[in-house]
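Convention: sequence-line order gives letters A, B, ...; per-chain numbering from 1. Every value quoted in this text rests on a predicted model; they were computed, and no experiment measured them.
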Protein chains: 2
Amino acid sequence: MSKDVTVDQMLSAFEAAGMRTTRPRRAMAEQLVAWGAKEKEFSSEDLWHAVQEKAPWVGRATAYRTVQLLQDLGFLDRVTFADGTERYHVVAAGHEHHHHLTCEMCHRIVPVEACIAPAAFEAMAQQSGFAISGHRLEIFGRCPDCQDDAHSC
Amino acid sequence: MSKDVTVDQMLSAFEAAGMRTTRPRRAMAEQLVAWGAKEKEFSSEDLWHAVQEKAPWVGRATAYRTVQLLQDLGFLDRVTFADGTERYHVVAAGHEHHHHLTCEMCHRIVPVEACIAPAAFEAMAQQSGFAISGHRLEIFGRCPDCQDDAHSC
DNA sequence: GCTGCTCTTGACACTAGGTATCATTTCGTG
DNA sequence: CACGAAATGATACCTAGTGTCAAGAGCAGC
Ligand SMILES: [Mn+2]
Ligand SMILES: [Mn+2]
Ligand SMILES: [Zn+2]
Ligand SMILES: [Zn+2]
């Protein structure tokens, strides 16, 4: 019943895309699965550091390259936080279009279904003459656990 | 009839906020007015370079600090582009809440009024328990002039 | 199992886009 | 004009990456 992705699914996706199933890619996939898909958020740097524990020979550039590939393959979802940092989370199966409500204190992520109506995009394209190719929506706030903390400093 | 902001308005705003009307601030305000408020977009670096022509003694840190202040004072609006770069434009008077449709090729900016309904934010806050403090919406595409150019490279 | 071609890697240099520090300068009030 | 606070410019530093490239490692064909 769990929709959590497996290491093999990730490696198969590399293969299916004509890429190789290398040791760094396996090490990173293993770390991601170890963390679970429970909306755990991490930066590329975070993931690199974590992988270093088990596989200290993995280079930083490789970690960043692999995060990019995993995002392209649809295994990672990139989220922009209020402070401008970019982080990721593993997507569970059935990844429909969605946006995120994020905590500016602890970086917690809540997916939200709110979006702009297709008709509104149509109207914009019509009025401006633009060919619209994408959009980004991020909502910021404080999660229940972080609302008491007065330190916004 | 023009709602374009003047150098004096900017400097008065600094004064009103208890800040000084210094030479770098004047030089930067003059450059902004020279460019006009016609949705001309620029990065902090762009503005610094332009100011250098007339006032080569203005430091880079000062340029960045001043852009931040002008944004805080409501004279500049920050826009995030599809490639992740941050740029600004001078806001005309009567700055209502709005978002931007931007050209991923030439960085042209078109303001749009589309947004998420307040009720939707309410619902999100209710469901998640978050205290929502802000949001960001950016729409990307190609302007009429850039649609032929096949070079997405 | 070995060969060989290619993709991939890890090290490292480098970059964009800023921010922190701090001695020096300059506002602008009295 | 004098003086204290605010602001500045030079400089060093920083984060979050990307470009380069010789060396290493998958994997298809034998
Ligand atoms: Mn998501
Ligand atoms: Mn605007
Ligand atoms: Zn939180
Ligand atoms: Zn364009």
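- At the heavy-atom level, B:R65 lies under 4.0 Å from base atoms of the strands shown.
- Among the nucleotides C:dT9, D:dA6, D:dA16, the one closest to the side chain of A:P24 is C:dT9.
- Among D:dA25, D:dT8, C:dG28, the nucleotide with an atom closest to any side-chain atom of B:R20 is C:dG28.
- Note: CZ (B:R26) to P (D:dA6) measures 21 Å, nearest angstrom.
- Judged purely by distance below 3.5 Å, without hydrogens or angles, the side chains of A:T85 and A:D83 pair a donor atom with an acceptor atom.
- For D:dT11, neither phosphate oxygen OP1 nor OP2 lies less than 4.0 angstrom from any side-chain nitrogen or oxygen of B:R60.
- Contact annotation for B:T21: backbone-only contact, meaning every heavy-atom pair under 4.0 Å involves sugar-phosphate atoms and none involves a base.
- Rounded to an integer number of Å, the gap from CG of A:L47 to C1' of D:dG17 is 15 Å.
- Look at CD on A:E86: it is 13 Å from P on C:dG18, rounded to the nearest Å.
- Distance CZ (B:R87) to C1' (C:dA16): 12 Å, rounded to an integer number of Å.
- Look at A:T22 and you won't find any side-chain N or O under 4.0 angstrom from OP1 or OP2 of C:dT8.
- Neither side chain, B:E138 nor B:T102, offers a donor N or O lying under 3.5 Å from an acceptor on the other.
- At whole-Å resolution of the value, CG in A:L11 and C1' in C:dT8 are 15 Å apart.
- The distance from atom CG of A:D46 to atom P of D:dT15 is 13 Å, rounded to the nearest whole Å.
- Comparing D:dT11, C:dG10, D:dT8 against the side chain of B:T62 picks out D:dT8 as the nearest.
- Salt bridge absent: A:R20 and A:E15 never bring a charged side-chain N and a carboxylate O closer than 4.0 Å.
- Residue A:R23 has no polar side-chain atom (N or O) positioned under 4.0 Å from OP1 or OP2 of C:dT9.
- In this structure, a donor-acceptor pair under 3.5 Å is present between the side chains of A:Q71 and A:R78.
- One can place CD of B:E15 at 15 Å from C1' of C:dT26, the figure rounded to the nearest angstrom.
- Going from atom CH2 of B:W48 over to atom P of C:dA16 covers 12 Å, rounded to whole Å.
- A side-chain N or O of A:T80 and one of A:R136 form a donor-acceptor pair less than 3.5 Å apart.
- The residue among B:Y64 and B:M19 whose nearest nucleotide of DNA chain C lies closer to the 5′ end is B:Y64.
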